[in-house]
Colleague: 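Following this message is one structure expressed as structure tokens.
Note that ligands are numbered from 1 as they come in the structure, with each ligand's atoms numbered from 1 the same way. Atom set for the values below is all heavy atoms of this structure, side chains included, hydrogens, waters and symmetry mates excluded.
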Amino acid sequence: MFYTLTANPAVDMTVSCNGLIPNENIRSGSASYTPNGKGLDVSFALKKFGTESVALGFFAGFTGKFIVEETMNMGCLCRPVWTDGITRINVYINDGESEYGVLNPGAPLTPEYQQELYKVIDTAGNLDCLVVSGSLPPRSTEDFLDQVMEHAQVRGADVVLDLSSKKLEELAEKRPLLIKPNHHELHEIFDLPVRDDEDVRRAMAHLHGIGIQNVLLTMGSKGSAYFSNGEDIWFAQRDFNIKLVSSVCAGDCTLAAFLTKWYEERDNVECAMKLALATGANVAESVGLGDFARVDEYSKRIKVRKLDRL
Ligand SMILES: O=P(O)(O)OC[C@@]1(O)O[C@H](CO)[C@@H](O)[C@@H]1O
């Protein structure tokens with residue numbers, strides 16, 4: 001069974017408007033409020049593919065209650081650790097041309113809440129794979145993610161990491177099963193720029209060298225991705241344009257789609273990459289996760305090739 005951990009969930013408020021004007025109030029055209037956070041998005045997307053998971057995380061206040069209730073309403077299992085404060089609201093604004101995001105810090109953690117979460121991991125039934133995604137709330141301890149990984153790995157679970165912080169580099173030596181950086185994160189965290197296939201070969205060799213078992217590297221709006229298992233590297237590219245509405249949850253759903261195919265069938269990389277890119281593209285065409293209605297159609301229009309070995 002997959003478990004996801006969202007240490008810092010959020011209600012996403014997604015607003016559309018005709019442009020922001022300095023020092024003036026504007027009226028938005030629409031606003032939607034959705035339960036989110038990177039690990040939760042993975043759980044929601046897994047559910048859409050018929051794959052069960054349990055969503056773990058810290059939740060607080062009315063926003064935390066809203067997220068947990070909505071998660072359960074969607075039929076997802078959830079084991080919340082309740083904390084003080086208020087789970088954050090993140091604001092995304094689309095002015096018709098560009099997207100703007102204001103990501104808030106979240107409700108602070110204490111060592112006691114962290115201990116509570118470790119206990120949840122220690123006693124979780126059928127813990128095969130823990131997907132740890134997203135930022136950390138204020139005042140989480142320096143070793144929080146090390147502890148999370150250790151508690152999961154002691155149970156024999158695989159750990160998948162989707163983190164935007166430098167901590168990802170430190171955790172590499174714990175041999176995560178998979179990481180899912182995008183090209184910006186690869187540059188910022190590991191100082192590995194990605195301009196062409198040769199850069200990708202170099203980057204993948206480095207990542208495997210420091211302990212990471214598999215890498216799914218997404219290329220954002222380019223609509224492409226690379227996957228490396230330490231032996232081969234695959235490149236996937238879509239051949240169609242999308243009408244971008246919000247790219248906010250696309251990366252999380254790309255990861256979920258990849259996992260739902262690849263985790264059980266490690267040889268089926270091509271199929272997993274097709275589903276992953278198709279899902280990411282379709283999610284970007286709506287606010288939140290959307291309905292995945294075009295995923296099958298899009299999957300047929302993704303080309304996958306293996307990079308030549310040098
Ligand atoms: O602050 P984090 O945890 O890095 O990112 C949080 C967040 O941007 O991630 C999701 C999209 O990936 C959103 O639903 C959510 O608001």
Colleague: Of all the non-hydrogen atoms in the protein, which one sits nearest to atom 4 (O) of ligand 1, and at what distance?
Modeller: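 Residue, atom and distance for the closest contact: Lys38 NZ, 3.2 Å.
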Colleague: List ligand 1 atoms under 4.0 Å from Gly134, heavy atoms only on the residue side.
Modeller: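 Close to Gly134: 3 (O).
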Colleague: Could you verify whether a donor N or O on one side chain and an acceptor N or O on the other, from Asn229 and Asn214, lie under 3.5 Å apart?
Modeller: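 Result is no, nothing qualifies.
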Colleague: Identify the closest protein heavy atom to atom 3 (O) of ligand 1: which residue and atom is it, and at what distance?
Modeller: Ser135 N, 2.8 Å
Colleague: Looking at Asp296 and Arg301, is any side-chain nitrogen of the basic one under 4.0 Å from a carboxylate oxygen of the acidic one?
Modeller: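 Here Arg301 does not pair with Asp296 in a salt bridge, since their nearest N and O are not under 4.0 Å apart.
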Colleague: Among the heavy atoms of Gly37, does any lie under 4.0 Å from an atom of ligand 1?
Modeller: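 Heavy atoms of Gly37 do come under 4.0 Å of ligand 1.
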Colleague: I'd like to know if Lys306 pairs up with Glu270 as an ion pair, taking the criterion as any Lys NZ or Arg NE/NH1/NH2 lying under 4.0 Å from an Asp or Glu carboxylate oxygen.
Modeller: no
Colleague: Which part of Arg88 is near ligand 1, with near meaning a heavy atom under 4.0 Å away: side chain, backbone, both or neither?
Modeller: side chain
Colleague: For atom 8 (O) of ligand 1, find the nearest protein heavy atom and state the residue, atom name and distance (0.1 Å precision).
Modeller: Tyr92 OH, 2.5 Å
Colleague: Considering heavy atoms of the protein only, find what lies nearest to atom 12 (O) of ligand 1 and give residue, atom and distance to 0.1 Å.
Modeller: Asp252 OD2, 2.7 Å
Colleague: Are the ring centres of Phe66 and Tyr33 closer than 6.0 Å?
Modeller: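 Aromatic pair excluded; centres sit 6.0 Å or further apart.
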Colleague: So, do Tyr263 and Phe258 have ring centers that fall under 6.0 Å from each other?
Modeller: no
Colleague: Please say whether the positively charged group of Arg238, taken as NZ for Lys or CZ for Arg, lies over the ring of Phe240, i.e. under 6.0 angstrom from the six-membered ring centre and within 45 degrees of the axis.
Modeller: yes
Colleague: Which atoms of ligand 1 have any heavy atom of Leu103 under 4.0 Å away?
Modeller: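 Answer for ligand 1: 1 (O), 5 (O), 8 (O).
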Colleague: Which of the listed options, Val42, Val283, Leu255, Val248, holds the heavy atom that is closest to atom 11 (C) of ligand 1?
Modeller: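 Comparing heavy atoms across Val42, Val283, Leu255, Val248, the nearest one to atom 11 (C) of ligand 1 lies in Val248.
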Colleague: Considering only heavy atoms of Asn36, which atoms of ligand 1 have at least one such atom less than 4.0 Å away?
Modeller: 14 (O)
Colleague: Does ligand 1 have a heavy atom under 4.0 Å from the side chain of Asp41, from its backbone, from both, or from neither?
Modeller: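 Within the 4.0 Å criterion, Asp41 contacts ligand 1 through side-chain atoms alone.
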Colleague: Report, in ascending order of atom number, the atoms of ligand 1 lying under 4.0 Å from any heavy atom of Asn90.
Modeller: 6 (C), 15 (C), 16 (O)
Colleague: Do the side-chain N and O atoms of Asp84 and Tyr113 include a donor-acceptor pair separated by under 3.5 angstrom?
Modeller: yes
Colleague: Determine whether the side chains of His183 and Thr218 contain a donor N or O and an acceptor N or O closer than 3.5 Å.
Modeller: no
Colleague: In the protein, which heavy atom is nearest to atom 14 (O) of ligand 1, and how far is it?
Modeller: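 It is Asp12 OD2, 2.5 Å.
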